[in-house]
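The first residue of the sequence shown is numbered 1, and numbering continues consecutively from there. Computed from a predicted structure; not experimentally measured.
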Amino acid sequence: MTTEPAAPEPAAAEEAEPQADPSPDGPEAAADGPGGTDSSDPTDSADGSEPAAEGDGTDPGATAEGAAQLSEAEAELAAQRELRERIERRKAEKAGPVSSGAGLSGKAADLLAAVRAVESGEKPPAGAFDGPEPTPRRAAPQPTPQPRPVVPRAPAPMASETVDAVRAVLVGGGAPDTLAVQATATLGEEAETLLREDPWQLLRVPGVRPEQADGFARALLGAECRPDDERRGRAVTVWLLEQAALAGHTALEAPALHAALAQRSVPDPDAALQGALAEGDALVFQDALDEPGTGPAPAPTTPPEDSEAGDQGDKGDEGDEGEEAEQERPVRVLIGLERYALAEESLADGLARVVNTLPKEDASAAGWESAATGSAAELIRAAATHGLVLHTGGEAARAEPAALMSVARSLGLRVCATTHTADGRRRFAALLAAADGKADLAPSNTGAGSADPTGTADPTGATGAEDSVTVTTVAGLLSGTEGPGRDSDGLLRTDLLVVLDAPQLDVENAAMLAESLPDGARLVLSGDPGVLWSAGPGRVFADLLAARVCPQIASRTPDPGPVGELVSGIGVGELNQVEAPGKEVVIVPVRDAGEAVLRTVQLVADSVPRAIGIPAEQTQVITPGHGGAVGTRALNTALKERLNPGPGRFGGFDPGDRIAHTPSPGRTVTGHVVKADADGLHLECAGTAVVVPKERVEQTVRHGWALTAHQAAGFRWPAVVVVLPGDAAGVLTRPWVYTAFGRAERHLSVVHGVEQALPRAVAEVAAKPRTTRLPALLKAQVPVAG
């Protein structure tokens, strides 16, 4: 590991004025995005989990790919909408925990009473928290009805008179008229009426905060605007749950939500919470907690009404004892939005189906066993006899899933792999080529402009379905623009699905993948558990590892070289000195923010190309947040001035600028600017032409010489410069450092201004836990693996 002395920087970078920001944007809750950073929010964290606000509050919008083609983002969002509608239809047929509507009764009323009891420290009412009867393990369940393939459609154009009417309401309430289009898209055609009747509905628009909605309501309602207005309480409740989702939670514990409502000047938090539940804006759940030292608490096997109605002779005393035990059993009351609750339940159902369904009889056990050789032997044996397998390891360990896919394909299975980014797709396709011994293997890209729009093309050149192999991105697979295609029931035509970068899966995408698998298909989730979790809500991979419901295969293949050695140590909490004879790892100490910017520009533009031989276009800068004196905005301004100076004639962009495009929240695609015209800003991202409409450029496109660690997850570059300014000390965590340092393939430079905060973060600061329901949902359906 080499330490470079400070050195002056050419004057060109001094002209770049860093943009001030009230916070360092540490967890990437960017101040210009929804939620920002607020100490009173239940989602505030300095854990580096980087909530999905880095898209600057972008609503799920579409990006045109070519003049007449629908975008991958549109197709992905259409698929998500269809999934939610299908889940809602399925859940409507079952007895839910809460009945949405104008009022509550029965079980829902009991749960509300339990919420209040838990908050006050009292014992919850008997029977209020009885869990569902566990689903028995089954060898071959009946197939769940699946959707037809989604045909992406362009969003219906909004009538100009509708937008104008909303704009008039906004202006009348003192809100920016620029919110008109977004408010109409969020609230629908009745947006004008909704805002007049309930001004706090403005809080549903991404980026709007409670104090802004309060000002809007005062302007519209005058003396009728009161802090105790039940409309305000419901709206703030929903807003807090949305902020929790941005921080990665799928639900909030009732006491935490109660306290957050009080901090937001809601006079009666309990009434606000009950109002949101009664109107169906939120749902209430309960999880039984394990007593310390007693192990998992068994789920009740007899419905409470049956046990109460019993009182039959020899069962009387036992029933009383069981009821008393249930009353004293600790519980956790959770409040969540329906969207994430349904996705998490759908994911648990789908995973239970995969685990409980025997794999398809496609080859003899002898065939799998004979192929189980080398470092992938353990993974191959596990996949041979189990529907769901978890595989952990770093970049070098990805060769093991590649070997598994090669074996499965040789045994006649249809196999598909999917990655978080197009860069990951390219890297994994190269590993598959090596495993298969075929240099012509290439990633599947059968979307717009492809000769095979069905997504069933075989990149190996094979023509038979039984001989096919496909590599996709998760977004492309779910939207239908990439992949093996779907059958008439909407199920993926695959017998083995390998998901790389599994820690980046949020609950919604994971649910869509699980629901898309046919019965008997195998699912392998592979990833590095040390990296940052998903930008969206949930911690799917970590929850599954903790639940222990399936085999877990830990790779013993380490990442090579000094960078690999350094990152491996960080993963176990140690910041080690490593030998770097070829300057593979260089530490550059800095004293202040200005020096950090100057040294970063010098490294990218001069030092790394000259000393390491890696050009500037293959070097990526990673910093903790977007704002602040050394955030992505300030660094990109300085790097553009040095590497591609120009007037920014296309909304701040010039041809050749490196960009980070966010087609949907939490998802980043890197590329560069090609040109701009009446259609919008033309980009090239991972070899694909993308056109961003003018009205979407400001929300979805940033300069990309510098990224945050969450944006960089799933990518790798030949050289990486990680910038750690002094004001980042409070937001550094082990997962953040592990992710940022691990993006480097050959060379890592660290612009170091946090002194002892770096080793302290690596040794002591783990990721802050996210509140999720997946482990409890799985416990009732899947037996714990031995």
Closest heavy-atom contact between [X] and [Y]?
X	Y	result
A399	L431	N-CD1, 3.9 Å
A709	L532	CB-CD1, 3.8 Å
P558	A396	O-CB, 3.5 Å
A728	V754	C-CG1, 4.4 Å
T708	P624	CG2-O, 4.4 Å
V762	L575	CG1-N, 4.0 Å

Can you tell me how far apart [atom1] ([X]) and [atom2] ([Y]) are? Round to the nearest 0.5 Å.
X	Y	atom1	atom2	result
T739	Q711	OG1	CD	13.5 Å
E400	L404	CD	CG	10.0 Å
W705	L643	CH2	CG	6.5 Å

Margin query: Working note: S749 + V604, criterion side chain to side chain contact (heavy atoms under 4.5 Å, CB included); need CA distance, chi angles, decisive distance, verdict.
Written below: CA-CA 10 Å; S749 284; V604 174; over 6 Å; no

Next item on the list: Before giving the answer on side chain to side chain contact (heavy atoms under 4.5 Å, CB included), spell out for Y738 and D528 the whole-Å C-alpha distance, their side-chain angles and the decisive distance to 0.1 Å.
Entry: CA-CA 10 Å; Y738 186 91; D528 191 337; 2.6 Å; yes

Next item on the list: Verify side-chain hydrogen bond (donor to acceptor under 3.5 Å, both in side chains) between T662 and T700, making sure each step is shown before the conclusion.
Entry: CA-CA 5 Å; T662 309; T700 64; over 6 Å; no

[X]: what forms a salt bridge (charged side-chain N to carboxylate O under 4.0 Å, His left out) with it, not counting sequence neighbours?
X	answer
R427	E395, D423
D657	K640
E378	R556

Checklist line | Pairing residues for S526 by the side-chain contact (heavy atoms from CB on, under 4.5 Å) criterion, not counting sequence neighbours | finding: H391, P401, L500

Checklist line | Close side-chain approach of P718 to P615, heavy-atom, < 4.5 Å | finding: no

Item checked: Contact list for residues 735-753, test salt bridge (Lys or Arg N to Asp or Glu O under 4.0 Å), sequence neighbours left out -> none

Item checked: Residue pairs involving residues 533-545 (criterion salt bridge (Lys or Arg N to Asp or Glu O under 4.0 Å); sequence neighbours excluded) -> R539-D543

Next item on the list: Take L683 and V673, measure what side chain to side chain contact (heavy atoms under 4.5 Å, CB included) needs, and give me the verdict at the end.
Entry: CA-CA 5 Å; L683 312 174; V673 176; 3.9 Å; yes

Under a 3.5 Å distance rule, please check whether [X] uses its side chain to pair with a backbone N or O of [Y] as donor and acceptor.
X	Y	value
E684	V674	no
R716	G742	yes
E574	V572	no

So, using side-chain hydrogen bond (donor to acceptor under 3.5 Å, both in side chains) as the criterion, who are the partners of [X] when residues are at least two apart?
X	value
D559	none
D606	R610
D506	none
N636	none

Margin query: F541: which residues meet the ring pair (Phe, Tyr, Trp, His ring centres under 6.0 Å) condition with it, sequence neighbours left out?
Written below: none

Next item on the list: Could you tell me which residues satisfy ring pair (Phe, Tyr, Trp, His ring centres under 6.0 Å) with H682, sequence neighbours excluded, listed by chain and number?
Entry: none

Item checked: Derivation of the side chain to side chain contact (heavy atoms under 4.5 Å, CB included) call for V765 and L732 -> CA-CA 8 Å; V765 188; L732 292 181; over 6 Å; no

Next item on the list: Please say which of T470, V474, L478, V471 ends up in a side-chain contact (heavy atoms from CB on, under 4.5 Å) with T418.
Entry: V474

Next item on the list: Tell me whether the centres of the aromatic rings in H703 and F653 are closer together than 6.0 Å.
Entry: yes

